Amino acid sequence: MTSNKDGLTPLIEKICTISTIGLFLTGVQICNRIYRMRSTGDISGFPFVATMVNCTLWLLYGYVGNNSTIVIVNFIGASLELIYALFYLQYTPDRNSFMRLIAMAAAFLATVAFYLLYIVSDRATASLHAGVVASVATVIMFGSPLASLKEVVQKQSTESLSLPLCFANLVVPAEWVLYGILINDKFVQVPNFLGAILGLIQVFLFYKYPRQSGLVPKATNLGTI
């Protein structure tokens with residue numbers, strides 16, 4: 001049983017890595033839309049910053065916990081989201097507010113990193129604290145599309161959602177749940193299980209409220225582990 005588990009883990013690591021990076025790359029489509037409009041329009045830059053924060057927290061968790069898979073995935077994710085945020089900054093009419101948001105995110109991450117790397121005396125405690133903070137951030141981020149889902153139910157229309165993205169928001173967290181089980185990591189299992197449930201709800205809404213037109217959908221999530 002153990003050998004089968006050990007043999008499966010590297011495969012799931014690769015699947016999680018590739019699919020999660022693919023989910024992070026959905027931000028390119030949003031940036032392309034901003035570039036074509038030469039304006040951010042009604043597109044919010046908050047998801048870029050929130051995902052960057054989330055990825056950086058998981059990057060810290062992977063570092064103190066010595067998990068290279070989590071480090072690699074979230075280093076790429078944090079880098080991409082930073083690029084998206086800086087791109088957004090070039091086109092937003094409210095540059096000062098968005099710069100303040102980025103500055104607050106950077107200050108928060110610097111504080112967490114300093115605490116984990118220099119204040120906490122041992123890696124086990126640092127890993128525990130990093131896992132708690134990263135898990136809470138992930139649950140909050142997974143909960144952010146709930147407002148959109150409420151709108152879908154009220155209007156009985158899924159025009160504002162993207163089916164491929166919602167399906168990815170179901171599959172990718174489910175993969176990380178399996179990975180969390182394989183490495184016996186509750187911090188990976190629990191928030192991603194909640195994310196998979198949210199993704200399932202999103203996909204179900206497409207069945208309940210079939211799309212009637214080809215309006216441009218909003219992103220419901222930009223990815224996370």
Side-chain angles (χ1 to χ4, degrees), residues 9-10 12-28 45-89 101-144 168-169 172-196 221-225:
T9 301
I12 298 301
E13 284 178 342
K14 289 181 176 63
I15 293 173
C16 287
T17 300
I18 294 170
S19 61
T20 305
I21 293 173
L23 189 55
F24 288 140
L25 288 172
T26 58
V28 173
F46 180 78
F48 293 142
V49 178
T51 308
M52 180 188 68
V53 169
N54 187 72
C55 287
T56 305
L57 292 174
W58 281 107
L59 170 62
L60 290 168
Y61 175 71
Y63 176 76
V64 297
N66 197 30
N67 186 310
S68 60
T69 298
I70 292 178
V71 168
I72 292 170
V73 169
N74 287 284
F75 174 78
I76 293 172
S79 300
L80 286 173
E81 299 302 331
L82 177 59
I83 292 171
Y84 299 153
L86 294 176
F87 181 86
Y88 184 93
L89 181 63
L101 179 63
I102 294 175
M104 286 190 294
F108 170 72
L109 291 173
T111 301
V112 174
F114 182 80
Y115 171 77
L116 293 174
L117 300 178
Y118 298 104
I119 302 299
V120 181
S121 58
D122 63 280
R123 284 218 163 192
T125 303
S127 182
L128 173 63
H129 293 179
V132 170
V133 174
S135 295
V136 170
T138 300
V139 170
I140 292 173
M141 199 173 88
F142 276 139
S144 63
N169 286 336
V172 174
E175 294 170 354
W176 283 103
V177 171
L178 177 57
Y179 176 68
I181 293 172
L182 291 173
I183 64 173
N184 193 29
D185 190 327
K186 295 292 191 299
F187 288 126
V188 175
Q189 294 172 31
V190 175
N192 283 289
F193 176 76
L194 297 176
N221 199 342
L222 294 178
T224 182
I225 77 157

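Note that this is a predicted model, so its numbers are computed, not measured. All residue numbers refer to positions in the sequence shown, counting from 1. Side chains included, hydrogens not; waters and symmetry mates left out as well; all remaining heavy atoms used.
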Mutual orientation of the aromatic rings belonging to W176 and Y179 [parallel < 30°, tilted 30-60°, perpendicular > 60°]: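 W176 vs Y179 ring planes: perpendicular.
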
Geometric class of the F187/Y61 ring pair [parallel <30°, tilted 30-60°, perpendicular >60°]: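 Rings of Y61 and F187: perpendicular, over 60°.
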
Measure the [atom1]-[atom2] distance between [X] and [Y] for me, rounded to the nearest 0.5 Å.
X	Y	atom1	atom2	answer
I119	H129	CD1	NE2	12.5 Å
T9	I181	OG1	CD1	11.0 Å
E13	I183	CD	CD1	7.5 Å
T51	N74	OG1	CG	11.0 Å
D122	S127	CG	OG	10.0 Å
L178	C16	CG	SG	7.0 Å

Heavy-atom pair of closest approach, residues [X] and [Y]:
X	Y	value
V139	P191	CG2-CB, 4.1 Å
I76	I21	CD1-CD1, 3.5 Å
M52	A78	CG-O, 3.9 Å
A134	N54	O-OD1, 4.0 Å
V53	A105	CG2-CB, 3.6 Å
G62	V71	C-CG2, 3.4 Å

Atom OH of Y63: over 12 foreign heavy atoms under 6.0 Å: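 Not buried by this count: 12 neighbours or fewer within 6.0 Å.
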
Would you say the side chain of [Y] lies within less than 4.5 Å of the side chain of [X], judging by non-hydrogen atoms?
X	Y	result
W58	T138	yes
Y115	V133	no
L23	N169	yes
E81	V49	no
Y88	P47	no
K186	F193	no

With no hydrogens and no angle check, is any side-chain donor or acceptor of [X] less than 3.5 Å from a backbone partner on [Y]?
X	Y	value
N192	V188	yes
T111	A107	yes
Y84	F24	yes
N67	I70	yes

